[in-house]
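These notes are about the structure you will find just below.
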Amino acid sequence: MFTRYTVALAALLLVGAAPVSQAADKPTDPQIAHIAYTAGVLDIEAAKQAIKTSKNKEVVDFAKDMERDHEAVNKQALDLVKKLKVKPEDNATSQALTKAAKEERAKLAKLKGAAFDKAYIENEVAYHKQVDGALETLLIPSASNAELKSLLETGLKIFQGHEQHAEHVAGMLK
Amino acid sequence: MKAGALDQLAWLAMLALTFAAAPATAATIQVTIDRLVYSPASLQAKVGDTIEWVNKDVVAHTATVKGGWDVMIPPKSKGQVTLKTAGAVDYFCRFHPNMKGHLDVAP
Ligand SMILES: [Cu+2]
C-alpha cells in the first residue's frame with residue numbers, strides 16, 4: 001500500500017520536473033549531494049561569464065549575488081558531506097545538467113551587450129526554475145539523511161529567492 | 001514657604017526624570033533570520049526604536065523598504081535601522097524577494 005502510494009507520487013512529481021529528473025530514478029544521498037553541488041557550480045560559472053561580459057550594473061550585481069550565495073551554499077554542502085562521510089557520486093542527472101550548461105555558455109559567448117544581458121537573465125530564470133522543480137519534487141523527497149534534507153530545503157528557499165530576483169532583473173531589462 | 005519650595009523641587013525632579021527617561025524608552029527589537037525567514041515576521045514598534053536583524057544563515061540578506069531604508073545583513077552577522085517615521089511598512093530581502101517582513105511603527 002505504502003509502496004504503491006510512493007510510486008504513484010513519484011510518477012506524478014516527475015512530470016513536473018521533466019528536464020532534470022528524466023535521467024534518474026530515485027537518486028541516492030551521494031547522488032543527491034552531487035546534483036545539488038553541481039547545480040551550484042554551474043550557476044557560479046554562468047555568473048563569472050556574466051561578470052566578465054556584461055556592462056549592465058543590475059546584471060553584474062545579480063551575477064555577483066549568485067556567485068556569492070552559491071559559493072556559500074556549496075561550502076556548507078561540502079562541510080556536511082565531509083561530516084556525514086558521504087562521497088558525492090557523479091550520475092546521469094549531474095551530467096545532463098553539466099552538458100546543458102556548457103551548451104548555454106557557448107551560446108552566451110556569442111552574444112554581447114543587451115542581447116547577452118537578456119539571454120543570461122532569461123536563462124537564470126529558467127535554470128533556477130528547473131533546479132527548484134528538481135529539488136522540490138525529486139531531490140528533497142528522495143533524501144534519506146535528515147541533515148541533507150534540511151540543507152536542501154534551505155537551498156530550495158534560496159534558489160526560489162534567486163528565481164524571483166532574476167525575474168525582477170528581467171523585468172528591469174525590458 | 002518651605003512646603004512650597006519642596007513641592008517645586010519635587011516637580012523639577014519629576015520633570016528632569018521625565019526628560020531623562022524619554023530617550024531610554026526607545027527599545028532595540030531583535031528580528032532573527034533563520035533559513036530565509038524573518039521572525040517575528042510582523043512586529044509593532046515606535047519611532048526612535050531600533051530594529052536589529054540577527055542573520056543565522058550562511059548567505060547575506062537585506063531588509064529593504066521600497067523607496068525607503070535598505071539594511072545590509074551579512075551572513076552570521078547583524079544589521080540595524082533606527083525608525084524615523086511612523087506608519088506601516090512592508091520590507092523584503094533584495095537578494096531573496098521571497099523573504100517578507102512587516103513593521104507597524106507608532107509615532
Ligand atoms: Cu535574503
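Chain letters run A, B, ... following the sequence lines, proteins first and then strands; every chain starts at 1. Just so it is clear, the values below take in all heavy atoms, side chains as well, and ignore hydrogens, waters and symmetry mates.
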Hey, what do you get for [atom1] ([X]) to [atom2] ([Y]), rounding to the nearest 0.5 Å?
{"X": "A:T154", "Y": "B:D34", "atom1": "OG1", "atom2": "CG", "answer": "8.0 Å"}
{"X": "B:R94", "Y": "A:H165", "atom1": "CZ", "atom2": "NE2", "answer": "7.5 Å"}
{"X": "A:I158", "Y": "B:R35", "atom1": "CD1", "atom2": "CZ", "answer": "11.0 Å"}

Check the hydrophobic clustering (I, L, V, M, F, W, Y; side-chain heavy atoms under 4.5 Å; chains of links allowed) and say if [X] and [Y] are grouped together.
{"X": "A:L148", "Y": "A:V86", "answer": "yes"}
{"X": "A:L42", "Y": "A:M66", "answer": "no"}
{"X": "B:V71", "Y": "B:V47", "answer": "yes"}
{"X": "A:F116", "Y": "A:L173", "answer": "yes"}
{"X": "B:V59", "Y": "A:I51", "answer": "no"}

B:H96 side chain near A:D69 side chain, heavy-atom distance below 4.5 Å | yes
Whatever's closer than 4.5 Å to a heavy atom in chain B on A:Q76 counts as side chain
Considering residues, nucleotides and ligands other than B:Q80, do more than 12 of their heavy atoms fall under 6.0 Å from its CD?
-> yes
For the residue pair A:H162 and B:F95, what are the closest heavy atoms and their distance?
-> CD2-O, 4.0 Å
Nearest heavy-atom approach of A:G161 to B:P97 is O-CD, 3.2 Å
Checking B:N98 side chain against A:Q164 main chain: does a donor-acceptor pair fall under 3.5 Å?
-> no
